[in-house]
Protein chains: 2
Amino acid sequence: MTAYYAQDIHGPFETFDLGDFDLESGDKIRGLKLAYATFGELAPDKSNAILFPTWYSGTTNILESAYLGEGRALDASKYFIILVNQIGNGLSTSPSNTPAPFNAARFPKISIADDVRAQRRLIAEKFGLEKLALVLGGSMGAQMTFEWAVRFPEAVERAAPIAGTARGTAHNRLLVSTFIEAIESDPAFDGGWYADGAAHRGLRRHARLFAAAGFTPDLYNRAAWRSLGFTSSEDFLTGFVEAHFLPQDPNNLILLATKWRENDAARRFGGDIVAALASIKAKTFVIAIEEDGFFPLKDLAAEQKLIPGSELRRVSSIWGHLALFGLDPGYNRAIDTHLRELLAA
Amino acid sequence: MTAYYAQDIHGPFETFDLGDFDLESGDKIRGLKLAYATFGELAPDKSNAILFPTWYSGTTNILESAYLGEGRALDASKYFIILVNQIGNGLSTSPSNTPAPFNAARFPKISIADDVRAQRRLIAEKFGLEKLALVLGGSMGAQMTFEWAVRFPEAVERAAPIAGTARGTAHNRLLVSTFIEAIESDPAFDGGWYADGAAHRGLRRHARLFAAAGFTPDLYNRAAWRSLGFTSSEDFLTGFVEAHFLPQDPNNLILLATKWRENDAARRFGGDIVAALASIKAKTFVIAIEEDGFFPLKDLAAEQKLIPGSELRRVSSIWGHLALFGLDPGYNRAIDTHLRELLAA
């Protein structure tokens with residue numbers, strides 16, 4: 001497991017040590033470390049900082065390769081871009097890298113809000129930032145973006161949640177529960193006390209459930225996986241999707257998926273999502289993927305209407321939710337257009 | 001298991017004994033029995049016969065309660081309606097009711113074409129019918145309807161495949177594979193040699209995967225399950241969906257799901273779906289559920305265009321694919337409208 005989460009695969013990254021960190025649940029993490037990577041230079045007036053947290057099962061590495069670049073909206077020659085690994089993703093403090101006794105199945109439960117509170121300390125204590133020009137993220141990164149905009153309205157000038165919602169819907173919770181159950185039901189998972197690599201059947205099953213709803217039916221039916229050099233749907237499911245999840249740690253994935261499932265940016269508003277979203281001060285573009293099977297367009301649109309001065313921006317991709325990975329040039333161009341416009345606003 | 005598949009729950013039904021029945025695979029069933037139920041009277045000129053086979057995990061009972069009735073399109077005062085249980089559904093010959101040694105995991109693999117060939121013998125030998133005024137069915141019943149129209153074009157005057165395709169798409173095959181794997185991966189399944197009721201964890205998992213894609217996200221998000229008296233999504237998933245599958249036989253379900261997954265009405269045309277669908281002589285209404293997560297509208301529309309003189313009829317329901325069950329009065333009314341028009345054509 002540790003081999004996969006190493007600098008030579010996912011780096012370079014640095015770590016910021018927050019010491020003991022109190023969680024929303026009342027539990028604490030002893031010695032919380034956030035792994036992050038920065039690109040570009042902070043302007044003297046500190047006006048050009050962008051924060052971009054990771055999504056489920058991703059690391060900052062994929063954010064860099066899929067979204068950053070010269071001439072892209074997120075251009076490090078203009079902006080100071082902080083990519084941050086969420087708690088539990090294997091680079092930041094996680095079940096897989098915490099020493100006993102709080103490792104593996106004993107790792108405390110984390111919320112999206114815990115991540116955002118930790119990220120707030122990172123930008124303040126490490127970089128002296130009070131404000132961010134933009135917070136953006138896809139999927140679970142969108143959940144964090146909403147949490148940022150609701151929790152720290154004065155700190156977020158612009159927000160771009162992509163392919164995610166401020167609060168999980170009942171259907172999304174069901175879907176994520178099936179992912180979790182696919183891993184946990186593997187006898188080799190053994191309540192989280194598996195031997196290294198043993199619970200691969202559950203990971204493979206999880207990968208296929210993820211793939212069935214994460215990509216569009218047309219991705220399979222039109223064999224769009226050909227663009228990646230695969231020979232069949234089966235070959236793609238094994239060589240791309242299983243390959244992505246197999247080296248990852250099952251406890252890490254379950255921690256992340258649980259965080260995803262339980263997300264609710266309205267929790268501090270007593271569950272009042274209307275009040276929570278109305279409190280957002282950031283200029284917000286809610287960016288929806290029209291074919292998204294995880295976070296349907298209509299759910300994003302319903303929330304966007306509740307955010308003052310916000311706009312709904314739609315992109316389309318045969319890759320569905322997993323267009324986030326940056327495999328569709330049309331998606332990448334569309335995202336850049338929307339982000340450029342938002343950054344200019 | 002046998003308690004569930006009994007006359008007092010699913011009947012009354014009769015059985016037609018086809019003797020030894022050769023399968024497309026080269027295998028055979030010793031003493032194939034089809035369970036069926038009829039409603040109404042056959043007209044003297046035999047012009048009013050309708051055939052309606054079952055879908056996945058359903059029996060003729062649900063077809064009767066959801067689609068037949070006085071004043072409905074399928075009115076037994078006008079038509080002679082034959083509801084037939086597909087092979088493997090627990091009433092017709094199935095893994096669960098076949099004596100050793102060909103029982104359970106040793107039951108031969110069946111194709112949609114096998115069912116249709118057996119049904120052809122039922123209508124000819126039992127009722128002396130050469131022609132059917134209408135063949136219709138939902139989901140796997142739609143697969144059988146297409147097979148009927150392709151295989152016996154002179155025998156089918158009208159066809160109404162609902163919420164199903166003539167050939168499985170790659171995405172549909174993936175989805176059905178996840179259903180099968182959910183059952184088979186239960187250690188208690190034990191390669192099909194489980195103790196009675198032991199493999200319930202796999203059945204429960206299967207039920208939830210089925211429910212995640214079978215209903216629309218809005219069914220959950222708007223709590224439309226309230227109309228059935230459930231208290232939460234969880235309560236609905238357990239009390240309705242798990243309750244539906246738990247009493248069923250895992251080997252039966254896997255047989256049905258495999259038949260579903262491998263369906264291809266173009267097989268006799270060397271896989272040429274264009275030629276297969278062009279050969280249909282029946283007046284055909286392809287009826288699509290707009291929100292269908294199993295059989296998307298666009299896949300039905302693509303096939304419909306290839307059927308001479310056919311029409312695409314669309315219905316909408318928050319129940320998605322599982323509107324087939326007849327729980328949505330709006331769906332039921334829309335289906336009746338389309339079927340009435342087809343029967344008048």
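None of the values given here were measured: they were computed from a predicted structure. Here is how names work: the chains are called A, B, and so on, in the same order as the sequence lines, proteins then strands, and each is numbered from 1.
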Point to revise | B:Lys298 vs A:Asp218 side-chain heavy atoms within contact, under 4.5 Å | key: yes

**Study point:** Option that, when pairs with chain A are counted at under 4.5 Å, heavy atom only, ranks first among B:Ala212, B:Pro217, B:Gly202
**Key:** B:Pro217

Point to revise | A:Glu181 side chain near B:Arg208 side chain, heavy-atom distance below 4.5 Å | key: no

Review point. What option among A:Leu209, A:Leu175, A:Asp299 has the most heavy-atom pairs under 4.5 Å with chain B?
Key: A:Leu209

Exercise for review: Begin from the C-alpha positions of A:Arg201 and B:Ser185 and carry the test side chain to side chain donor-acceptor pair (under 3.5 Å) through to its verdict.
Suggested key: CA-CA 9 Å; A:Arg201 288 180 184 80; B:Ser185 63; over 6 Å; no

Check your understanding: What option among A:Glu234, A:Arg173, A:Arg222, A:Arg205 has the most heavy-atom pairs under 4.5 Å with chain B?
Key -> A:Arg205

**Study point:** Leading residue by heavy atom contact count with chain A [cutoff under 4.5 Å; candidates B:Leu174, B:Asp186, B:Thr178]
**Key:** B:Leu174

Study note, to complete from the structure: Under 4.5 Å to a heavy atom of chain B? For A:Pro296 that would be side chain

Check your understanding: By a 4.5 Å heavy-atom criterion (distance strictly below it), what part of B:Leu237 contacts chain A: side chain, backbone, both, or neither?
Key -> side chain

Review point. Within the distance-only criterion (no hydrogens, no angle test), does the side chain of B:Asn221 pair as donor or acceptor with the backbone N or O of A:Thr169 below 3.5 angstrom?
Key: no

